[in-house]
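All values below were derived from every heavy atom in this structure, side-chain atoms included, with hydrogens, water molecules and symmetry-related copies excluded.
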Amino acid sequence: MRPQPSVYPLRLYGDPVLRRKANAVSDFAAPVNVPGYAAASLKQVARSLLETMFEARGVGIAAPQVGLSQRLFVAVEYEDDEEENEGQDRPLRSKVLRDFVFVNPVMTVLNKKKDADLTEGCLSIPNIYEEGVKRNRAVRIDYFDLDGKSQSVEAEDYLARVFQHEMDHLSGVLFLDHLPASVTDEYRRELSALQRQAKANLKELEG
């Protein structure tokens with residue numbers, strides 16, 4: 001069993017865990033078993049999730065993306081849209097305004113007006129970015145923090161999109177699912193390669 005890492009390897013498109021509905025966290029003090037790694041506390045796992053997100057230059061990451069099928073995701077709000085940060089060498093931590101750790105999140109739509117203009121991508125589907133994913137303009141997330149205390153946060157526009165993207169992950173939904181099949185067909189070769197890599201990664205993890 002591998003020790004708890006500071007940065008997890010990402011589960012890629014085609015990995016079955018990305019299609020499962022995540023389970024609620026029932027015991028905040030119980031050790032967490034990320035498949036392939038030694039048990040760790042929920043706080044340790046959340047810390048590693050954030051580090052994994054920063055390493056991949058992301059703006060959010062959900063537990064299923066590292067193989068943990070539990071209702072947990074982390075996200076950050078940067079000084080400006082993450083779309084402008086991708087590919088730069090400046091450490092993203094220096095641009096963080098707020099970071100969030102959501103345990104057992106529940107989302108309420110505050111503004112049903114849809115926005116489909118922003119480009120969306122996914123750390124588990126690298127190098128594929130598309131416009132056209134319709135997201136609600138404003139949402140509220142009711143959740144528990146790492147101490148088990150009830151919290152709530154509201155977000156609109158870009159940050160609301162991030163939260164909705166990560167909430168989707170907890171239901172086994174990927175951003176490409178929101179787009180016409182013709183879009184996915186355009187990336188057939190790339191997605192097939194990711195599926196092969198996901199399968200190889202699982203074999204290595206199990207070995």
Next item on the list: List in chain and number order the residues that pass side chain to side chain donor-acceptor pair (under 3.5 Å) with Gln151, two or more places apart in sequence or in another chain; answer none if no residue qualifies.
Entry: Asp145
Notebook entry, point to check: How would you list all residue pairs meeting ring-ring contact (aromatic ring centres under 6.0 Å, His included) that involve residues 38-72, not counting sequence neighbours?
Noted result: none
Next item on the list: Applying side chain to side chain donor-acceptor pair (under 3.5 Å), name anything that partners Arg98, two or more places apart in sequence or on another chain.
Entry: Glu77
Checklist line | Set of residues satisfying side chain to side chain donor-acceptor pair (under 3.5 Å) with respect to Asn104, sequence neighbours excluded | finding: none
Next item on the list: Show your working on side chain to side chain donor-acceptor pair (under 3.5 Å) between Glu51 and Ser6 and close with a plain yes or no.
Entry: CA-CA 7 Å; Glu51 289 302 316; Ser6 58; over 6 Å; no
Checklist line | Partner set under side-chain contact (heavy atoms from CB on, under 4.5 Å) for Ser150, not counting sequence neighbours | finding: Phe144
Check: Can you list every salt bridge (charged side-chain N to carboxylate O under 4.0 Å, His left out) pair that touches residues 157-176, not counting sequence neighbours?
Finding: Glu120-Arg161, Arg135-Asp168, Arg137-Asp157
Next item on the list: Take Leu10 and Thr52 through the side chain to side chain contact (heavy atoms under 4.5 Å, CB included) test and state the conclusion after the steps.
Entry: CA-CA 8 Å; Leu10 288 164; Thr52 302; 4.0 Å; yes
Next item on the list: Please list, chain by chain and in numerical order, all residues satisfying salt bridge (Lys or Arg N to Asp or Glu O under 4.0 Å) with Arg19, sequence neighbours excluded.
Entry: Asp177
Next item on the list: Quick one: which residue pairs count as a salt bridge (charged side-chain N to carboxylate O under 4.0 Å, His left out) with a foot in residues 122-134, not counting sequence neighbours?
Entry: none
Item checked: ring-ring contact (aromatic ring centres under 6.0 Å, His included) contacts touching residues 168-207 (sequence neighbours left out) -> His165-His169
Notebook entry, point to check: Under a 4.5 Å side-chain heavy-atom rule over Ile, Leu, Val, Met, Phe, Trp and Tyr, are Leu50 and Leu146 clustered together?
Noted result: yes
Notebook entry, point to check: With Gln197, which residues qualify under side chain to side chain donor-acceptor pair (under 3.5 Å), at least two apart?
Noted result: Asn201
Margin query: Test of understanding: with ring-ring contact (aromatic ring centres under 6.0 Å, His included), list the residues that count as partners of Phe102, not counting sequence neighbours.
Written below: Phe73, Phe100, Tyr143, Phe163
Next item on the list: Using the side chain to side chain donor-acceptor pair (under 3.5 Å) rule, pick out the option among Gln164, Glu156, Lys113, Lys112 that qualifies with Asn136.
Entry: Gln164
Notebook entry, point to check: Do any pairs count as a salt bridge (charged side-chain N to carboxylate O under 4.0 Å, His left out) and have a residue in residues 64-74, sequence neighbours left out, and if so which ones?
Noted result: none
